[in-house]
Amino acid sequence: MLNVTLFLLLVFCVQSIRPMAQPNVTLIADLDVLKDDSTIKVKVINLWNLFSFYNNDELFSIELILIDEQGTKIQGNVTRKNIYRFKNILKDGLTFYIKCPSFASQRMGGFTLTRQDHKLSFVHDTVVTECHDFSGPTFGFEFVDYQSIISLVHPENIAIDVIGLVVAFGEMVRDNDDKKKHRLNIQIQDANGLQLNVNLWGDFAYKMQHFLDNNPHNLRIIVILQFAKLSIWRDRPTVNTYFSVSKLFINTDIDEINVFNKSLDGDDRPDSSTNTLTCIKSNKVSENDDFMVNFQLKTISEISEPLEKNTFIIVGTIKGILQNENWHYLSCTSCNYKAFRPPGANDQPNADGFFIGYECHNKDCTKTETSVIPRFMIPLRVQDNTGTVTLTMFERDGKYLLKKSAKDLFNKTLQLGFRTSFYLGEINALKGLKLAFKITIKHFNISKRNNQYSICRVSDDEKLIEELENKFTVSQIGTSQSFDIAEADFESQENRIMKDAISRTDDNITPETVDKNSATSPMKSLNTPTILKTNLEEVFDLEMNEKLSSTKTPKISLEGGNNQIVKVKLEKSG
């Protein structure tokens, strides 16, 4: 009997030290929401804690990103009632077998960190055991091509990873007491020379600032930003850190950075290990400063003759659109300059909506052969109580006001069977809008005696427009004695002239330009609408260099009257 007992004990000991059988593993892509007994083999590549909104010391949930050996990622979370079971087990960078997780739906239409439409939830029945033979990716990077971001193809509702060489940086913005809202702007460049604008927030901003301050030899700075959020404002893409979820790698000794660094060695710099950084002066100007402080307010009659290169502010109402001119141009997807179609190029867009095989003549562009995308170039007739002028509105402002891109409307004209130069009714929604315009007079305008100006920025803020009108009216009061034309005569003349002009204007006829000073102005011939022959290299740089900050929603107004009554409050001086 004793021998039998010893034998059974020996068998038990041998079995206990025998390696455990490998569980039947299911890949993330094969998970079935109808089954609750699956086992996955994964690595934790990101883990962060969420705290209660009402109590910053109370842990609300543990959030994590898991990746399997095939490189497929899925988000997981541990809810508050189960935190005590898993918080000391789950660690960033470790690998596990996870058995019997539950499934939870992702918020529809919301921002997601993976491509899965569900996430895993660690519940009471979930079992987590450590794994020591994981052979999948270390970090799970999925780098996004810069071109898809610049061309506005990549969706905004899913996290992205980017890698690039830091070529410029700004000053730390500390306009809030909350350190999490401090911001550092950098620009990164890929191996093809394309650049992205990146905003680092909070701890990420200070991590980069510390590295910049301690880089005396000016070595190349290569960064990876993982789990970042893409935001597009007025056709301007910017990559942002996303709360504490993002990961920032700066010159880390990992394969991805080393390979990227080596890819840069083919450039012409004598010492390819060093890099020249540009310090960006902050040019994110508030809407109020841009329209009320930085530039001079003018009437349309005062800018009818392009005498010098300058930037001005005017207030006016869009009275019509010159429909004998194109409302769009085909821009290089690399630099936004106008591209040209060589003989034999495809005149139909591909599946992504791009035309391929075009030529870019911009000497600063990294591509000579490029794909193109339609962008707004809408010729507007804008009027105030002193005259009318033609202004060209580009993609940022057109998309902001119309809530549709030029690409959207271009594709619609193709679907309807119209010529792409056809003006759809949506564009006429601009008519009647009263706006403040920031316009620029360029060398082209002066040399060609052309007073069709480019719009740099618009504002539809009613309060700002009223303040501009009050500002101008007070200025007029101070110099009213210099006017020797009776108000009644002036109004009568203006109303008569405008009636003649507007009577010939509708949705399909080009409005005739009226020059109130035609009797004495040597520029009267300039106001005749012409097909836009502007030096596009000068005009379209507005699409690349202006940074905007307005967040107002457009308010469509049908008010288009010529006579505006402005109440001016004059206060007694002390």
Side-chain angles (χ1 to χ4, degrees), residues 42-49 63-67 71-73 75 91-95 111 113-114 134 136-146 148-149 154 158-170 172 179-180 182-231 237-265 272-275 277:
V42 292
K43 179 176 182 178
V44 180
I45 60 171
N46 200 4
L47 185 148
W48 66 100
N49 295 325
E63 304 290 325
L64 57 162
I65 304 295
L66 308 170
I67 189 169
T72 306
K73 296 192 285 280
Q75 185 174 349
K91 302 293 180 183
D92 194 357
L94 297 184
T95 56
F111 179 72
L113 298 170
T114 72
F134 183 82
T138 302
F139 300 102
F141 297 126
E142 292 185 69
F143 296 122
V144 175
D145 181 59
Y146 283 26
S148 67
I149 297 175
H154 198 281
I158 187 169
I160 62 173
D161 303 340
V162 292
I163 182 172
L165 171 70
V166 179
V167 294
F169 64 95
M172 182 74 71
K179 185 179 177 180
K180 294 178 182 178
H182 294 179
R183 181 179 73 258
L184 179 68
N185 175 251
I186 62 173
Q187 288 180 357
I188 60 175
Q189 180 174 292
D190 68 3
N192 296 318
L194 298 180
Q195 294 186 3
L196 289 179
N197 192 50
V198 177
N199 280 330
L200 304 175
W201 295 83
D203 291 338
F204 299 107
Y206 283 98
K207 180 179 180 179
M208 174 58 73
Q209 187 67 65
H210 177 76
F211 193 94
L212 291 169
D213 293 341
N214 293 275
N215 186 27
H217 301 296
N218 211 27
L219 297 176
R220 280 180 182 168
I221 302 176
I222 297 173
V223 299
I224 293 176
L225 185 58
Q226 189 179 25
F227 303 115
K229 188 177 189 305
L230 174 64
S231 63
T238 302
V239 179
N240 297 271
T241 52
Y242 185 65
F243 301 102
S244 60
V245 179
S246 298
K247 282 191 166 184
L248 178 63
F249 301 80
I250 308 174
N251 279 11
T252 311
D253 186 15
I254 57 176
D255 290 344
E256 289 80 2
I257 286 182
N258 294 333
V259 170
F260 182 86
N261 190 28
K262 190 174 181 179
S263 73
L264 302 177
D265 290 340
S272 59
S273 65
T274 62
N275 182 48
L277 288 173

Go through Ile160 and His154 one step at a time and tell me if the side-chain contact (heavy atoms from CB on, under 4.5 Å) criterion holds. CA-CA 9 Å; Ile160 62 173; His154 198 281; 3.1 Å; yes

Would Ile149 and Val144 count as a side-chain contact (heavy atoms from CB on, under 4.5 Å) if you check the C-alpha gap in whole Å, the side-chain angles of each, and the deciding distance to 0.1 Å? CA-CA 8 Å; Ile149 297 175; Val144 175; 3.8 Å; yes

Check against side-chain contact (heavy atoms from CB on, under 4.5 Å), Val245 and Leu113: CA-CA 9 Å; Val245 179; Leu113 298 170; 3.7 Å; yes

Show, in sequence, the C-alpha distance, side-chain angles and deciding distance for Val162 and Phe143, and conclude whether the side-chain contact (heavy atoms from CB on, under 4.5 Å) test is met. CA-CA 5 Å; Val162 292; Phe143 296 122; 5.6 Å; no

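Heavy atoms of other residues, nucleotides or ligands lying less than 6.0 angstrom from CG of Asp203 number 12 at most.
Rounding to the nearest 0.5 Å places NE2 of His210 at 9.5 Å from CD1 of Ile250. With rounding to the nearest 0.5 Å, the separation of OG in Ser244 from NZ in Lys180 is 7.5 Å. We find the CD1-CG distance between Ile188 and Leu225 to be 7.5 Å, quoted to the nearest 0.5 Å. To the nearest 0.5 Å, atoms CD1 (Ile257) and OG1 (Thr252) are separated by 4.5 Å. Here the straight-line distance linking atom CG of Leu64 with atom CD1 of Ile67 works out to 13.0 Å at 0.5 Å rounding. Separation of atoms CD (Gln209) and CG (Leu184) is listed at 5.5 Å; rounding is to 0.5 Å.
Judged by distance alone, with hydrogens and angles left aside, the side-chain atoms of Lys207 form a donor-acceptor pair with the main-chain N or O of Leu248 at under 3.5 Å. Remark: side-chain polar atoms of Gln195 are not paired, donor with acceptor, to backbone N or O of Val167 under 3.5 angstrom. A distance-only check finds a donor-acceptor pair linking the side chain of Thr241 to the backbone of Trp201 [under 3.5 Å]. Distance alone, capped at 3.5 Å, places no donor-acceptor pair between the Lys229 side chain and the Val239 backbone. Looking at Asp190, its side chain does come within 3.5 Å of a backbone N or O of Asn192 through a donor-acceptor pair.
Minimum interatomic distance between Tyr146 and Ile163 (heavy atoms only, all atoms of both residues): OH-O, 2.7 Å. Gly71 and Pro137 get closest at one heavy-atom pair: CA-CG, 3.9 Å. Listed here is the closest heavy atom pair of Ala205 and Arg183: CB-C, 4.3 Å. The two residues Gln187 and Asn197 come nearest to each other via the heavy atoms CG-OD1, 4.0 Å. A pairwise comparison of heavy atoms in Phe260 and Gln189 identifies CZ-O, 3.6 Å as the closest pair. Nearest heavy atom pair, residue Asn185 against residue Val198, reads ND2-O, 3.1 Å.
Inter-residue side-chain proximity for Thr95 and Val42 is flagged as unmet; no heavy-atom pair is nearer than 4.5 Å. Taking the side chain as every heavy atom from C-beta outward, Lys73 and Glu142 approach each other to under 4.5 Å. Residues Ile45 and Phe227 form a side-chain contact, since some pair of their non-hydrogen atoms from C-beta on lies under 4.5 Å apart. Side-chain contact between Val223 and Ile221: present, with at least one pair of heavy atoms (C-beta onward) separated by less than 4.5 Å. Between Val166 and Ile222, the closest side-chain pair of non-hydrogen atoms is not below 4.5 Å. By the 4.5 Å heavy-atom criterion applied to side chains, Glu256 and Ile224 are counted as neighbours.
Classification of Arg220 and Asp265 as a salt-bridged pair holds, one side-chain N sitting under 4.0 Å from a carboxylate O. Ion pairing of Asp92 with Lys247 is present here, as a side-chain N (NZ or NE/NH1/NH2) and a carboxylate O approach within less than 4.0 Å.
With hydrogens and angles left out, the side-chain atoms of Asn240 and Ser231 include a donor and acceptor closer than 3.5 Å.
The aromatic rings of His182 and Tyr206 are tilted relative to each other, their planes meeting at an angle between 30° and 60°. Note: Tyr242 and Phe111 have tilted aromatic rings, judged against thresholds of 30 and 60 degrees for the angle between ring planes.
For an aromatic pair to be called close, the ring centres must be under 6.0 Å apart, and Phe204 with Phe243 fails this.
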